[in-house]
Amino acid sequence: MTRSRTQIIDAFVLLSGKKPFSSITVKDITTEARINRATFYNHFLDKYDLLEQVVSEALRSNLGCNSHPDIKEHLSTEDTLRELFSSLIRFEKTLDSYSDGSEESEMIALVILSHLIDILSSHLALHKPGIESSVHLKLARMLTHALLGMTKNYCESSQAEAPEVYIDPVLTALINGLDTL
C-alpha cells in the first residue's frame, strides 16, 4: 500500500470517529491527509468507493483472509463457520464509526455478503468436491444469510455468553442434521 493511500485511509478513519459519514467530504479527507484532490482520485473514485474499500479491508482482516489463508483451508466446515461468526461479531463492533445512514449500511452489508459468499463457496469447493459448483454457491448463500442472521440476533440480544458458546448448538444441528436433535 502506498504512503498516500495509507494517509487517505487513516484520515478517513479519523474523521469517521469525529463526524457522520454523510458529513465527511473529499475536501475534509484531503485536508486531514495533507494531500491534493488529484491524489485522492488516483486511489478512489469517491468517498463511497473509499468506504467500500476500507470496510472490505477491515472485514478481510477480521476474517483472517489477509494472513495465513492456508490455515483456514485445514479447518472443518463447522470450525470455519464458528470462526466466521466470531469474526463477524468482532467486526460488527467496529461498524458504527463507518455508518450513520441507510445508504452506507446497504453498501457495507453488500461488501460483507459478497466476501462471506466467496469464502464459503471456496471452502465448500475445497472440502466437498463431489458437489456441483452451483450447489456450492447455493449452500454458501444459505450459510451466509444464516451467519448474518445469527450475528444480528447475537448483537441485538446483548448476550453475556461468548459467541462460540452461543453458536455451537446451532452449528451442531446444522452440520449433523436437524434429525439428530
Side-chain angles (χ1 to χ4, degrees), residues 9-24 29 47-69 71-124 127 136-178 180-181:
I9 291 171
D10 290 348
F12 174 70
V13 170
L14 180 73
L15 290 166
S16 294
K18 293 179 179 177
K19 58 185 183 176
F21 176 80
S22 58
S23 299
I24 298 172
I29 297 166
K47 73 176 191 173
Y48 296 95
D49 182 41
L50 171 59
L51 173 67
E52 181 178 347
Q53 290 189 42
V54 167
V55 169
S56 180
E57 288 174 20
L59 177 64
R60 290 184 62 74
S61 176
N62 247 293
L63 295 177
C65 299
N66 295 337
S67 60
H68 311 299
I71 293 173
K72 296 262 184 214
E73 290 177 7
H74 302 299
L75 292 177
S76 68
T77 300
E78 185 173 357
D79 289 339
T80 298
L81 292 170
R82 184 179 298 106
E83 269 209 29
L84 288 172
F85 179 72
S86 296
S87 296
L88 284 169
I89 298 297
R90 286 190 306 272
F91 183 69
E92 281 290 321
K93 294 175 182 176
T94 67
L95 281 181
D96 288 341
S97 63
Y98 299 122
S99 174
D100 66 325
S102 63
E103 189 175 4
E104 303 88 62
S105 295
E106 287 176 29
M107 183 185 304
I108 290 169
L110 286 173
V111 169
I112 293 169
L113 187 73
S114 173
H115 279 292
L116 287 176
I117 290 171
D118 286 348
I119 290 167
L120 289 169
S121 185
S122 296
H123 175 84
L124 291 169
H127 292 276
H136 287 153
L137 187 56
K138 288 175 186 175
L139 284 169
R141 287 181 178 145
M142 183 187 79
L143 291 169
T144 295
H145 287 285
L147 278 172
L148 292 173
M150 291 299 293
T151 300
K152 182 178 180 183
N153 182 265
Y154 180 88
C155 291
E156 288 176 352
S157 63
S158 302
Q159 293 293 325
E161 59 194 343
E164 297 81 5
V165 173
Y166 180 81
I167 194 97
D168 275 348
V170 176
L171 289 179
T172 301
L174 181 66
I175 298 301
N176 297 326
L178 294 174
T180 62
L181 295 177

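These numbers were taken from a predicted model, which means no experiment stands behind them.
A 4.5 Å side-chain heavy-atom check between Leu84 and Leu143 finds every atom pair outside the cut-off. Counting heavy atoms from C-beta outward, Met107 and Val55 have side chains that stay 4.5 Å or more apart. Between Leu116 and His145 the shortest side-chain heavy-atom distance does not fall below 4.5 Å. By the 4.5 Å heavy-atom criterion applied to side chains, Leu148 and Leu88 are counted as neighbours.
To the nearest 0.5 Å, atom CG of residue Asp10 and atom CG of residue Leu15 are 11.0 Å apart. Interatomic distance, Ser76 OG to Glu83 CD, rounded to the nearest 0.5 Å: 9.5 Å. One finds the NE2 atom of His127 at 5.5 Å from the OG1 atom of Thr80 (value rounded to the nearest 0.5 Å). Going from atom CG of Leu113 over to atom CD of Glu106 covers 12.5 Å, rounded to the nearest 0.5 Å. Rounding to the nearest 0.5 Å gives a distance of 4.0 Å between CD1 of Ile167 and CE of Met150. Atom CG of Asp168 is separated from atom CD of Glu78 by 6.5 Å, given to the nearest 0.5 angstrom.
The backbone N or O of Arg82 sits less than 3.5 Å from a side-chain atom of Ser86, completing a donor-acceptor pair.
For the pair Lys47 and Phe12, the NZ or CZ position fails the cation-pi test of under 6.0 Å to the six-membered ring centre and within 45 degrees of the ring normal.
In this structure, Tyr166 and Phe85 have parallel ring planes: the angle between them is below the 30° cut-off, well short of the 60° mark.
The heavy-atom pair separating Ser56 from His115 by the smallest distance is OG-NE2, 2.7 Å. Taking all atoms of both residues into account, the shortest heavy-atom contact from His136 to Leu124 is NE2-O, 3.3 Å. Looking at every heavy atom in both residues, Ile117 comes nearest to Ala140 through O-CB, 3.7 Å.
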Yes or no on side-chain contact (heavy atoms from CB on, under 4.5 Å) for Leu81 and Leu120, after CA distance, side-chain angles and deciding distance? CA-CA 9 Å; Leu81 292 170; Leu120 289 169; 3.8 Å; yes
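No side-chain N or O of Arg141 forms a donor-acceptor pair with one of Thr144 less than 3.5 Å apart.
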